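Everything numeric here is computed off the predicted structure, so don't read it as measured data.
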Amino acid sequence: MDENKQLDDNQKNILIGVGVAFIFGLLTLLFTSDKAKTKTKSVVNRQKAKHYVGSKFNGNKKARNVVDNLSDDEINNLLGTPDKVKDLESKFSNMTDDLKDYVQDKKKESKKVMNKLKR
């Protein structure tokens with residue numbers, strides 16, 4: 001009977017060890033996955049920035065090398081700039097279309113008023 005109890009203790013110890021290893025592995029995966037995602041995202045953004053700068057400066061190596069000296073925040077700002085410019089262009093285009101419509105409406109109204117005055 002002492003042998004069965006020792007076997008049960010060994011099985012418990014093995015299960016506890018496996019459980020602790022599993023939890024440790026899971027926690028390691030969770031903590032490193034955020035770091036890995038962040039690092040991967042920064043590397044991808046840096047490559048995008050190099051390509052963007054290279055295309056805008058006709059493949060100038062010096063311009064592309066400047067990207068290597070930028071921080072991750074500066075690279076994110078650099079990559080976000082074209083999107084912001086496109087948004088501004090879109091808003092400006094909408095505003096000019098609205099202004100054009102407004103002027104045309106006022107022109108029609110003034111023609112109606114002029115026609116009434118002529119009668």
Derivation of the side-chain hydrogen bond (donor to acceptor under 3.5 Å, both in side chains) call for D72 and N45: CA-CA 8 Å; D72 290 341; N45 283 345; over 6 Å; no
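Atom CG of D101 sits about 13.0 Å away from atom NZ of K106, to the nearest 0.5 Å. Rounding to the nearest 0.5 Å places NZ of K108 at 9.0 Å from NZ of K111. For the atom pair N115 CG and S110 OG, the distance stands at 9.5 Å (nearest 0.5 Å). Note: K41 NZ to R46 CZ = 14.0 Å, rounded to the nearest 0.5 Å.
Look at K112 and E109 and you find no salt bridge, because none of the NZ, NE, NH1 or NH2 atoms lies under 4.0 Å from a carboxylate O.
Judged by distance alone, with hydrogens and angles left aside, the side-chain atoms of Q47 form no donor-acceptor pair with the main-chain N or O of V44 at under 3.5 Å.
Across K50 and V67, no two heavy atoms sit closer than the pair CG-CG1, 3.8 Å.
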